[in-house]
Protein chains: 2
Amino acid sequence: MYGSTQVLEASHSPGADDLLAAYARLGEAPRQMNANCSLCSLRALCFASCLGEDELPRLERVVSQWRMIHRGDYLFRVGDKFHSLYTLRSGSFKTVAGHEDGLEHVSDFILPGETLGLGAIGSGQYDCDAIALEDSAVCIIPFASLESLCHDVRSVQHHLNQTLSREIVRSSRQMVLLSGMTAERRVASFLVDFSRRLLERGYAARSFTLRMTREEIGSYLGIKLETVSRTFSRFQREGLMRVDGKQIEIFDPEALAQI
Amino acid sequence: MYGSTQVLEASHSPGADDLLAAYARLGEAPRQMNANCSLCSLRALCFASCLGEDELPRLERVVSQWRMIHRGDYLFRVGDKFHSLYTLRSGSFKTVAGHEDGLEHVSDFILPGETLGLGAIGSGQYDCDAIALEDSAVCIIPFASLESLCHDVRSVQHHLNQTLSREIVRSSRQMVLLSGMTAERRVASFLVDFSRRLLERGYAARSFTLRMTREEIGSYLGIKLETVSRTFSRFQREGLMRVDGKQIEIFDPEALAQI
DNA sequence: CGAATACTTGAAATAAATCAAATAAGGTGG
DNA sequence: CCACCTTATTTGATTTATTTCAAGTATTCG
């Protein structure tokens with residue numbers, strides 16, 4: 001778009017990603033296709049980040065396939081046998097954790113560069129549903145191969161450990177939010193956090209589209225959709241942000257962060 | 001006590017553990033002492049579980065030290081530089097996650113065989129406080145050494161991955177609880193879960209002592225201490241359990257699980 | 001374009017928090 | 001080892017943040 005400024009709606013990289021996104025939109029792409037880490041714009045966020053140029057081919061042998069998932073489709077479901085981790089290349093996902101009695105909870109929203117399936121390593125079964133919030137593309141990382149690569153390349157093992165550990169810290173933060181914050185702070189926290197994650201990935205942090213519904217945000221934050229809506233409206237009245245359906249503009253991130 | 005039935009208050013193993021517990025009570029023990037995985041009764045729960053008899057000495061070189069922590073003392077604090085994971089040998093801990101503005105949350109209770117410090121791997125700093133709920137003993141696992149052992153012994157790496165992943169799943173379950181359950185279900189869920197964990201460790205599951213206060217339970221469950229107390233009283237009135245201060249007896253685990 | 005889904009807003013209901021006060025348990029120093 | 005002070009727990013009365021119910025409006029997507 002304009003030089004280095006990229007927004008979520010725009011294709012976020014030239015080359016292979018564009019092709020993939022275009023295929024996904026058309027719904028005509030082969031279900032899987034070959035990956036190429038060297039050309040990937042998200043290299044810095046995934047396992048490639050800990051490898052030298054010369055080691056990338058080894059990763060490419062592990063992450064040899066892509067897959068496209070259409071909006072609303074499942075990448076995996078609770079209980080599915082675990083074979084692979086997935087790194088999101090484009091699009092976005094929600095993960096939904098269930099409970100015996102139908103109680104459901106949106107446990108996370110996933111942005112490009114983030115990894116899906118970490119909870120399945122321990123049990124051999126995926127522990128949540130992963131559902132695409134828009135047409136998306138994922139790299140397939142067969143876990144057995146990744147473990148072998150870990151064995152050969154220490155930095156990859158280190159990276160996997162770090163990824164898992166960071167996920168634990170993230171959960172822990174979310175629990176502080178769920179256990180003690182007012183609805184207002186939860187919503188503010190969600191907006192600030194989401195904005196920060198977009199920024200880290202090179203997207204516009206002040207103006208973005210929420211791909212998820214108010215109900216999904218509410219579930220993620222442990223409040224009802226009406227409360228999300230009311231709080232958005234209040235923040236708008238107070239001049240902190242502009243809300244136009246799913247289109248959000250943040251005017252005063254500092255004030256939001258301090259709520 | 002009676003054959004194979006062991007209760008939390010009793011020493012849970014003969015030999016080294018007893019010695020350690022005795023030292024801890026006296027407060028006269030050396031601050032650190034040598035570990036011996038081969039003799040440890042918790043072997044089945046920790047990293048030793050994935051090693052053969054012949055490989056144990058390698059683990060013992062990594063986990064070469066114990067440490068005793070008195071009730072109320074910190075094993076580590078938020079922000080401390082990360083060097084080691086800790087496996088609890090005896091006693092119990094709480095972990096407390098903080099937030100900039102003083103908002104605190106008891107993120108977990110730790111029982112023997114469980115690991116402390118997993119959240120520090122990613123950032124190099126501990127992400128929570130770990131505070132002993134009673135005089136306790138921990139094995140010190142220097143992380144650099146553990147990573148080396150992971151490199152040499154695949155099963156150790158696999159075990160670390162599994163431990164980290166299981167922690168993610170645990171957090172995720174706790175978030176479902178915190179985001180959607182009534183106070184009554186949270187308390188029931190806590191009791192059932194705590195009882196199950198005791199059972200898995202060979203302690204009495206129907207009758208046990210809560211080492212933490214009502215306030216700490218409330219923080220863990222995202223409710224106030226008065227609500228914990230009232231719910232305990234209600235469950236007692238309904239004949240599901242007996243409450244005598246910190247001493248708990250579960251009469252009807254099935255009914256509790258179904259609440 | 002039109003049915004279905006998503007969102008906003010108001011009013012009433014409620015689960016849990018807060019405030020308060022009395023009782024019980026636990027740890028410490030004399 | 002007991003008395004005392006502190007901390008923890010229970011229980012009741014009141015308040016409140018959020019949910020629930022409801023109804024109208026806007027969006028989305030096939």
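So that the names make sense, note that chain A is the first sequence line, chain B the second, and so on, each numbered from 1. Since we're looking at a predicted model, the values are computed, not measured.
OP1 or OP2 of C:dT9 sits under 4.0 Å from a side-chain N or O of A:Ser233. Residue B:Lys224 places at least one side-chain N or O under 4.0 Å from the OP1 or OP2 atom of C:dT18. For C:dG26, the OP1/OP2 oxygens have no side-chain nitrogen or oxygen of B:Lys246 closer than 4.0 Å. Note on A:Arg214: a side-chain N or O is less than 4.0 Å away from OP1 or OP2 of C:dT8. A close approach under 4.0 Å does not occur between any side-chain nitrogen or oxygen of B:Thr213 and OP1 or OP2 of D:dT7.
A:Tyr86 has its side chain out of reach of A:Phe93: every pair of non-hydrogen atoms, C-beta onward, lies at least 4.5 Å apart.
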If you apply the rule side chain to side chain donor-acceptor pair (under 3.5 Å), what do you find for B:Thr95 with B:Ser107, and how did you get there? CA-CA 6 Å; B:Thr95 55; B:Ser107 48; 2.9 Å; yes
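If you check every strand for non-hydrogen atoms under 4.0 Å, B:Ile223 touches sugar and phosphate atoms only.
With hydrogens and angles disregarded, a donor-acceptor distance shorter than 3.5 Å links the side chain of B:Arg186 to the backbone of B:Met181. A donor-acceptor pair is defined here as one N or O able to donate and one able to accept, closer than 3.5 Å; no such pair exists between the side chain of B:Glu200 and the backbone of B:Ser195.
Side-chain N/O atoms of A:Thr209 and A:Gln247 include a donor and acceptor closer than 3.5 Å.
Direction change of the helix axis from one end of the helix from C:dC1-D:dG30 to C:dG30-D:dC1 to the other is 60°, with five pairs defining each end axis (rounded to 10°).
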